[in-house]
Amino acid sequence: YQCPFCSKVEPTMDELVKQYGDKLRIVWKDNPLPFHPRAEPAGEIAAEARAQKGEKGFWAAHDLLFKNQQKLSDDDLLGYAKELGLDVDKAKTALTEHKYKARMEADQDLADDLQASGTPHFFINGRRLVGAQPVDAFKKVIDEEITKAQALLAKGVAAKDVYAELIKDGKEPPPPEKKTVE
């Protein structure tokens, strides 16, 4: 929530949601980088918004945090919690106790495993897209993936199984390099 490059891609994400509607599913993963010290606390508030208000609450918090990414002090974050209609005491507890830190660390571990070292980082059915790319870069990949999905549906693959079928031949990142030291 503190990354300026992530903020730059937000209008692109909004445009993609408008254009693709329910054909597009966005899965958010937190990767607060160490040089953005207010990103983890902001993520705590967004996660608490999800816990209290579901997905709509999360995305409302997400949008509010990015809109105000220069104002992420604890007092600011608790003010946003109030503005979002959250139980402020629960939000304060999440903030002070780092309630969602383990989940964020799991997201960071996944990013490490996938060699997604910078933000923003995107995977479209397993296809990597790095950085605040223009909307057309996303559309090209999304359109190709929709075409693949439609072909699978036409072959009789159940809608619930399409994603698994699309990524089944995905490659995992290479294992870490090993060196023998004498």
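Note that the structure is predicted; figures quoted are calculated from it, not measured.
Using modelled atom types, no side-chain atom of Asp161 and backbone atom of Val157 make a donor-acceptor pair closer than 3.5 Å. Without hydrogens or angle criteria, Asp113 side chain to Leu110 main chain gives no donor-acceptor distance under 3.5 Å. Within the 3.5 Å criterion, the main-chain N or O of Gly57 finds no donor-acceptor partner in the side chain of Gln52. With Arg128 contributing its side chain and Leu114 its backbone, the two residues share a donor-acceptor pair below 3.5 Å. Glu145 places no side-chain N or O within 3.5 Å of a backbone atom of Asn125 that could act as its donor or acceptor partner. With hydrogens and angles disregarded, a donor-acceptor distance shorter than 3.5 Å links the side chain of Glu44 to the backbone of Lys101. For Gln133 (side chain) and Phe138 (main-chain N/O), no donor-acceptor pair under 3.5 Å exists by modelled atom type.
Using a 4.5 Å cut-off between side-chain heavy atoms of Ile, Leu, Val, Met, Phe, Trp and Tyr, with links allowed through other members, Val130 and Val9 fall into different hydrophobic clusters. A single hydrophobic cluster is seen to contain both Phe58 and Leu16, as judged by linkage of ILVMFWY side chains at heavy-atom distances under 4.5 Å, directly or through other members. Hydrophobic clustering of Ile, Leu, Val, Met, Phe, Trp and Tyr side chains at less than 4.5 Å, counting indirect connections, unites Leu95 with Leu84.
Ion pair Glu48/Lys99 flagged as a salt bridge, since at least one NZ, NE, NH1 or NH2 atom sits closer than 4.0 Å to an Asp/Glu carboxylate oxygen. A salt bridge links Lys140 to Glu144: one of the charged nitrogens lies within less than 4.0 Å of a carboxylate oxygen. Under a 4.0 Å N-O distance rule, the pair Asp74/Lys92 does not qualify as a salt bridge.
Across every non-hydrogen atom of Leu72 and Arg38, the tightest pair is O-NE, 2.7 Å. The two residues Ala132 and Pro120 have their closest heavy-atom pair at N-CG, 3.9 Å.
How far CG of Asp30 is from CG of Leu33: 11.0 Å, rounded to the nearest 0.5 Å. Taking CZ from Arg127 and CG from Leu166, the interatomic distance works out to 10.5 Å, rounded to the nearest 0.5 Å.
Using a 4.5 Å heavy-atom threshold, the side chains of His62 and Glu10 count as touching.
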Evaluate Ile45 against Tyr100 for side-chain contact (heavy atoms from CB on, under 4.5 Å), listing each step before the verdict. CA-CA 9 Å; Ile45 294 301; Tyr100 302 99; over 6 Å; no
For Arg50 and Glu55, run salt bridge (charged side-chain N to carboxylate O under 4.0 Å, His left out): C-alpha distance rounded to whole Å, both residues' side-chain angles, the deciding distance at 0.1 Å, then the answer. CA-CA 6 Å; Arg50 175 179 278 135; Glu55 291 303 306; 2.8 Å; yes
Criterion side-chain contact (heavy atoms from CB on, under 4.5 Å) on Leu77 and Leu65, from CA distance to verdict: CA-CA 8 Å; Leu77 294 173; Leu65 292 164; 3.5 Å; yes
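Between Gln19 and Lys139, the side chains place a donor N or O and an acceptor N or O closer than 3.5 Å (distance only, hydrogens not considered). Side chains of Asp75 and Tyr80: a donor-acceptor N/O pair is absent below 3.5 angstrom, by distance only.
Environment of NZ in Lys148: crowded, with over 12 heavy atoms of neighbouring residues, nucleotides or ligands closer than 6.0 Å.
A centroid separation of less than 6.0 Å is found between the aromatic rings of Trp28 and Tyr1.
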